[in-house]
Amino acid sequence: MQLTLEFGGGLELLCDSVKIHNISINPENGAGKLVMKDLLSWVRSNLIKERPEMFMKGNTVRPGVLVLVNDCDWELSGQLDTTLEEKDVVVFISTLHGG
């Protein structure tokens, strides 16, 4: 499955300062569908190069990280259970900034 992942608000610094990643990922365990929980695990293992605790807490994103799936807040589509489809765009934006 082809997905586009975008990181902003400082989260790109955890991914070698690359904001946009075009990835190919297969659903785990031959389930046939990919859910956000599986994608987050893949991102932590494959894209996050430093300080994963700044991106995730437990098996979900940290409070203060806005997640959009095709420009829709993931809280409206099931959060960790959101089913992803081919060519979806997933955006992660940190809303927490120093000052």
**Residue pairs passing the side chain to side chain donor-acceptor pair (under 3.5 Å) test where at least one lies in residues 42-51, sequence neighbours excluded** =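 Listed by first then second residue: nothing to list.
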**Asked** Which pairs, with at least one residue in residues 60-79 and sequence neighbours excluded, count as a ring-ring contact (aromatic ring centres under 6.0 Å, His included)?
**Response**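 Sorted pair list comes back empty.
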**Asked** In the hydrophobic cluster built from side-chain contacts under 4.5 Å, what are the other members alongside I93?
**Response** L66, L68, V89, V91
State plainly whether one hydrophobic cluster holds both [X] and [Y], where clusters connect Ile, Leu, Val, Met, Phe, Trp and Tyr through side-chain heavy atoms under 4.5 angstrom apart.
X: M36; Y: I23; value: yes
X: V67; Y: V35; value: no
X: F55; Y: L47; value: yes

**Request:** Check whether more than 12 heavy atoms from other residues, nucleotides or ligands sit under 6.0 Å from atom CE of M56, and answer yes or no.
**Result:**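 It does: M56 CE has more than 12 such atoms within range.
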**Prompt:** With sequence neighbours excluded, what pairs up with K57 under the side chain to side chain contact (heavy atoms under 4.5 Å, CB included) test?
**Reply:** R62, P63
**Message:** If we ignore hydrogens and angles and just use 3.5 Å, is the side chain of T95 paired with the main-chain N or O of G64 as donor and acceptor?
**Reply:** yes
Distance-only criterion, 3.5 Å: show the donor-acceptor pairs between side-chain atoms of residues 79-88 and protein atoms not counting sequence neighbours.
| from | atom 1 | to | atom 2 | distance (Å) |
| --- | --- | --- | --- | --- |
| T82 | OG1 | S77 | O | 3.1 |
| T82 | OG1 | S77 | OG | 3.1 |
| T82 | OG1 | Q79 | N | 3.2 |
| T82 | OG1 | Q79 | O | 2.9 |
| E86 | OE1 | Q2 | N | 3.4 |
| E86 | OE2 | Q2 | N | 3.2 |
| D88 | OD1 | N70 | ND2 | 2.8 |
| D88 | OD2 | E85 | N | 2.7 |

Under 3.5 Å, sequence neighbours excluded: what are the donor-acceptor pairs made by side chains of residues 4-17?
| from | atom 1 | to | atom 2 | distance (Å) |
| --- | --- | --- | --- | --- |
| T4 | OG1 | N22 | OD1 | 3.0 |
| E12 | OE1 | G10 | N | 3.1 |

